[in-house]
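Nothing fancy with the numbering, it's 1 onward along the sequence.
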Amino acid sequence: MRTALWLYLFMFVAFFDLHAQYPILSPFALSLGAAPSFIGLIMGVYSITHLPGNLIAGYGVDKYGSKFFIVFSLIVAGIILLFQSNVKDPWHLLYIRSISGFVLAFLSPACLSLLARIAKDRIEQSKLMAGNGLIHTLASVVSPAAGAILVAKIGFTTAFSVLGWILIITGFLAIFGVKEKQLLSQSAGKPQILDHHGHGMPEEDSNLPAGVSVPWLFFLIPMALSCSQGILFFELPLMKSARESILTSGVFFTLISLGALLSISFWFLNKVPPFIRTVCGSLSLAVVFFGLAIQWPIPLSVSLFLIGMAKGVIYPALAALLASITSSNRYGRVFSLLSISYSVGAFIGPMMAGQLRDHISSYFIAFFVLMLALSLLPLRTFKSPVTT
């Protein structure tokens with residue numbers, strides 16, 4: 001449990017820094033003279049440079065463990081933020097964000113892999129993943145407003161420096177906080193895999209091979225989810241009311257996080273199969289984006305809260321589903337694939353919104369990609385184990 005608490009701390013700080021930049025990055029790029037289409041590129045390139053980092057993390061975590069990647073990601077990302085605080089040109093900001101995307105790509109697969117390994121069974125895995133979602137949401141509740149307030153009080157340069165030093169200090173704490181060798185030695189000789197129904201069983205007694213793979217089409221769901229989120233995070237700071245006040249932009253992001261916090265607080269949802277939670281949450285999210293596209297009469301604040309509620313259902317469910325059908329020696333690779341899917345979607349979303357927002361509603365694009373992913377989901381595959 002101590003290891004889980006440390007991991008939650010590291011992810012909280014990382015997510016806090018990331019979400020604190022959402023309401024201020026677009027205004028910062030605008031202050032440097034960047035056009036909206038170039039801002040979409042800046043936001044997207046951060047995600048696309050996740051890909052090589054995710055690929056390296058997937059195999060590296062399985063082979064060398066999680067601790068090194070956690071420490072490296074936190075400290076180097078903090079140093080990069082210090083450089084970002086002195087950026088004076090949109091192209092320099094693009095370069096800095098691309099490097100930051102690569103470095104932070106190691107953190108999530110490393111933390112999720114370690115969380116999955118320390119769980120004793122499917123129920124505990126589901127609780128730990130829900131805890132991860134709760135930490136993510138708590139960070140995203142306070143960080144957008146905190147980032148906006150920081151900029152309003154001390155300016156962009158100092159705000160980025162403060163966020164950078166927080167990451168660096170947390171990275172050094174990770175050196176002493178994660179006792180991975182002790183954890184691995186305690187679990188040595190007791191390899192465990194979860195069967196299709198989520199019951200723990202010794203790996204040598206299972207009918208499954210060393211690893212269980214998920215159909216490629218399944219990863220369209222996290223890709224569509226992050227694509228829609230990228231579109232939303234691109235659009236909100238550029239709204240007229242948000243551009244008039246950076247604090248308004250921070251409130252918008254906080255409403256999303258509060259909705260997610262409400263969903264995650266419903267612990268009884270952990271008893272619902274994660275596949276069902278994933279599908280129902282994705283469908284609900286698509287409906288809300290369609291409502292925004294047609295300008296339904298529901299207030300924007302309520303719509304954002306509903307989007308957050310849907311996210312609070314989907315994110316923990318995705319991680320729990322992957323952990324429940326994957327053998328422990330492949331957690332790093334599977335969670336790296338999940339992160340890659342998020343990265344690709346987060347790259348495509350802002351890019352499409354930046355290029356097409358004058359021709360079609362960005363929210364309709366978000367609705368379309370979510371429904372496309374759901375329509376291509378191989379439902380029959382999850383009725384029986386999938387083997388490689």
Side-chain angles (χ1 to χ4, degrees), residues 13-54 56 72-108 143-144 146-171 226 229-231 233-238 242-243 246 249-250 253 339 342-355 357:
V13 173
F15 289 137
F16 181 93
D17 272 53
L18 180 63
H19 285 272
Q21 295 183 63
Y22 282 144
I24 65 178
L25 190 61
S26 293
F28 179 56
L30 285 172
S31 71
L32 298 177
S37 59
F38 195 80
I39 295 175
L41 178 61
I42 291 174
M43 296 181 68
V45 75
Y46 172 88
S47 300
I48 203 62
T49 53
H50 262 49
L51 294 179
N54 289 148
I56 296 172
F72 169 82
S73 187
L74 289 169
I75 293 178
V76 178
I79 295 173
I80 292 172
L81 265 180
L82 297 182
F83 283 101
Q84 183 174 311
S85 66
N86 295 309
V87 166
K88 303 296 182 183
D89 180 84
W91 281 100
H92 293 164
L93 180 60
L94 178 68
Y95 303 147
I96 290 291
R97 293 291 294 171
S98 64
I99 299 172
S100 180
F102 173 77
V103 170
L104 281 173
F106 298 96
L107 186 63
S108 184
S143 57
I149 292 173
L150 272 177
V151 170
K153 298 292 185 181
I154 60 180
F156 290 112
T157 298
T158 309
F160 287 132
S161 296
V162 170
L163 294 175
W165 279 113
I166 291 175
L167 279 177
I168 293 172
I169 293 172
T170 307
S226 62
Q229 177 175 274
I231 290 172
F233 288 178
F234 171 81
E235 284 291 335
L236 286 182
L238 297 179
R243 294 180 67 169
I246 195 171
S249 180
F253 286 100
S339 296
Y342 287 142
S343 300
V344 172
F347 171 74
I348 294 174
M351 288 287 291
M352 286 197 302
Q355 298 297 325
R357 67 194 305 264

Original post:
Is there a side chain to side chain contact (heavy atoms under 4.5 Å, CB included) between F28 and L93 once you walk through the steps?
Top reply: CA-CA 10 Å; F28 179 56; L93 180 60; 3.9 Å; yes

Subject >> side chain to side chain contact (heavy atoms under 4.5 Å, CB included) assessment of R97 paired with L25 >> reply: CA-CA 10 Å; R97 293 291 294 171; L25 190 61; 3.6 Å; yes

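For the pair T49 (side chain) and V45 (backbone), a donor-acceptor distance under 3.5 Å is present.
F16 meets the ring-ring contact (aromatic ring centres under 6.0 Å, His included) test with no other residue; sequence neighbours excluded. Scored by the side-chain contact (heavy atoms from CB on, under 4.5 Å) test, A353 finds I231, F234, E235, S362 as partners (sequence neighbours excluded). When the side-chain contact (heavy atoms from CB on, under 4.5 Å) test is applied to A346, the partners found at least two apart in sequence or on another chain are S47, S226. Residues satisfying the ring-ring contact (aromatic ring centres under 6.0 Å, His included) test with W91, not counting sequence neighbours, are F38.
The side-chain hydrogen bond (donor to acceptor under 3.5 Å, both in side chains) contacts involving residues 146-159 comprise nothing, where partners must be two or more places apart or lie in separate chains.
Of all heavy-atom pairs spanning A159 and I154, the tightest one is N-CD1, 3.8 Å. When all heavy atoms of T170 and V13 are compared, the closest pair comes out as OG1-CG1, 3.4 Å. Of all heavy-atom pairs spanning S73 and L104, the tightest one is OG-CA, 3.3 Å.
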Side-chain donor/acceptor pairs under 3.5 Å, residues 80-87, sequence neighbours excluded:
unit_1, atom_1, unit_2, atom_2, d
Q84, NE2, Q21, OE1, 3.2
S85, OG, L82, O, 2.5
S85, OG, S161, OG, 3.2

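Between F106 and F72, the ring planes are perpendicular. Angles over 60° get that label, and only those under 30° would be called parallel.
Separating the CZ atom in F156 from the CG atom in L150 is a distance of 11.5 Å, to the nearest 0.5 Å.
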